[in-house]
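First up is the structure itself, then whatever we jot down about it.
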Protein chains: 2
Amino acid sequence: MPRSEQTQTAILGALSIMPMTGYALREEIRDTLGHFWSESFGQIYPALAELERQSLVERSAEGGSRSHTFALTPAGLLRLRELLAEPPQQEKPRNGLLLRLFFGSQLGAEATRRLVLDAREKAKAQLTQMDVARRSLLDDASLADQAPYILLTISAGEHSARASIAWANEALAELAMMAEAVMLEAPEAPNTPDDRDAPETPSARNSFGS
Amino acid sequence: MPRSEQTQTAILGALSIMPMTGYALREEIRDTLGHFWSESFGQIYPALAELERQSLVERSAEGGSRSHTFALTPAGLLRLRELLAEPPQQEKPRNGLLLRLFFGSQLGAEATRRLVLDAREKAKAQLTQMDVARRSLLDDASLADQAPYILLTISAGEHSARASIAWANEALAELAMMAEAVMLEAPEAPNTPDDRDAPETPSARNSFGS
DNA sequence: ATAAGCATGTAAGGAGTTACATGATTCT
DNA sequence: AGAATCATGTAACTCCTTACATGCTTAT
């Protein structure tokens with residue numbers, strides 16, 4: 001349940017696929033789990049030390065003297081299964097884009113539009129990333145056992161990205177209509193209205209939500 | 001850019017719609033921004049104190065002596081616009097569901113299926129929540145200015161929830177096919193195989209990603 | 001009267017990021 | 001020889017959550 005256990009889960013999971021160094025662990029987590037998971041550098045080494053203390057992973061000197069490969073112990077595999085079986089803790093959402101859109105009337109239509117365009121670009125980039133991930137997964141014969149499950153996570157990324165693109169397109173159309181409506185109200189000023197600081201009425205509104 | 005500024009943004013934004021107490025602030029953030037934003041209790045009061053110190057909000061005694069209503073100052077409104085114009089920091093993803101699915105071969109097909117079913121239920125619940133939010137928004141005449149922007153965030157929630165449902169349906173079909181394939185391989189055991197701990201080969205795999 | 005909800009704050013602690021320090025190895 | 005990359009770790013700091021402490025007001 002505590003959040004640090006999720007870090008342990010990610011590390012044990014990665015090591016269950018293949019033993020590796022802490023450095024490699026970080027790169028795999030970034031590159032392979034990156035679209036739905038992240039661990040920072042200063043998190044991985046302390047977590048590895050703790051897992052070693054509990055005999056859930058073992059380090060073996062290999063290559064240079066300063067390089068250790070970490071591997072799951074049998075107890076580590078059991079622990080991984082235990083951790084995976086615990087209910088996922090729902091993350092507290094903190095979506096900076098939607099926060100800005102919500103207060104879009106203060107931000108202004110043009111800046112809002114740029115935010116949405118940017119979000120659409122990011123979603124498109126994710127879509128191609130998912131495509132790359134799917135190809136390299138299917139090329140890797142050693143992952144045959146895991147592939148069906150990993151494909152579910154790739155598909156989730158694609159669904160999410162496509163939803164973002166569809167939403168962005170609708171939002172852009174909506175914003176364009178709002179801009180037109182503004183122009184109809186004030187046909188004398190077809191250029192950027194620049195009404196920043198103009199409506200000096202931040203005063204009492206009376207409901208917000210119900 | 002620092003994360004605490006996002007807290008200030010949320011608070012200033014809420015107060016730009018309507019002055020209120022710290023307690024009400026927390027409830028509005030939970031109920032109105034809840035599907036894309038969260039602030040914890042212990043965050044709001046210190047942030048309000050800091051904003052007051054910077055003269056961005058003002059408190060006025062009202063009602064009981066122990067109850068203060070906070071309101072934006074003109075400087076606070078300008079600061080809000082400044083903060084909204086800063087680029088949103090992308091949140092580090094931490095999706096416990098996808099982490100478990102990724103390692104689904106260790107978790108087992110049945111537990112994986114339950115996770116997906118649960119995710120679909122949550123998405124359906126969000127869809128009805130969004131519907132409620134849209135209705136109460138359109139009923140509230142005082143939010144007419146903000147409504148077009150707020151609707152964009154509601155629409156984002158709907159797109160996201162519908163994508164989750166569509167994904168879950170595909171995933172469930174996929175998981176059902178996987179279960180069938182297992183049964184064809186081992187037609188002697190049509191019941192729950194319970195092969196937990198059976199394949200005791202956590203040993204060397206050789207690629208993981210490329 | 002008493003329970004539920006409104007209201008304000010503080011303190012302790014855990015989580016997580018960033019930057020720093022250090023050195024080995026490999027490529028050019 | 002020098003640069004890039006691999007590799008391990010620590011320390012300081014920010015952020016955030018949770019639990020606690022307190023007391024008022026309103027409904028039952």
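Just so it is clear, the model here is predicted, and its values are computed rather than measured.
Among the protein residues, T21(A) comes within range of the sugar-phosphate backbone only, with heavy atoms under 4.0 Å from sugar or phosphate atoms but none that close to a base. No engagement by R26(A) is indicated, since no non-hydrogen atom pair under 4.0 Å with the nucleic acid exists.
The distance from atom CD1 of I11(B) to atom C1' of dC16(D) is 13 Å, rounded to the nearest whole Å. The CZ atom of R30(A) sits 13 Å away from the C1' atom of dC6(D) (whole-angstrom rounding). One atom, CD of E39(B), and another, C1' of dC15(D), lie 11 Å apart when rounded to the nearest Å. As a whole-Å value, the separation of Q43(A) CD from dG9(D) P is 15 Å. Atom C1' of nucleotide dC6(D) and atom CD of E28(A) are separated by 14 Å, given to the nearest angstrom. One can place OH of Y23(B) at 17 Å from P of dC24(D), the figure rounded to the nearest angstrom. We find that CZ of F70(A) is positioned 12 Å from P of dA7(D), with the value rounded to whole Å. Distance R94(A) CZ to dT14(D) P: 16 Å, rounded to the nearest Å.
Of the possible donor and acceptor atoms, none in the side chain of S160(A) sits under 3.5 Å from a partner among the backbone N and O of A156(A).
The aromatic rings of F41(B) and Y23(B) stand perpendicular to each other, their planes meeting at an angle above 60°, with 30° marking the opposite boundary.
Of the N and O atoms on the side chains of T7(B) and R94(A), at least one donor lies less than 3.5 Å from an acceptor on the other residue. Inspection of the R162(B) and Q126(B) side chains reveals no N or O donor paired with an N or O acceptor under 3.5 Å.
Checking the phosphate oxygens (OP1, OP2) of dA7(D), no side-chain nitrogen or oxygen of R59(A) falls inside 4.0 Å.
Each of dT8(C), dG9(D), dC16(D) was ranked by its minimum atom distance to the side chain of Y45(A); first place goes to dG9(D). The H68(B) side chain lies nearest to dT8(C) when the options are dC6(D), dA7(D), dT8(C).
For the pair K92(B) and F41(B), nearest-nucleotide mapping onto DNA chain C gives the more 5' position to F41(B). Comparing G22(B) and G42(A) by the nucleotide of DNA chain C whose heavy atom lies nearest to each, the residue mapping closer to the 5' end is G22(B).
Taking both residues in full, the closest heavy atoms of E91(A) and N95(B) are given as OE2-CA, 4.0 Å, listed atom of the first, atom of the second, then distance.
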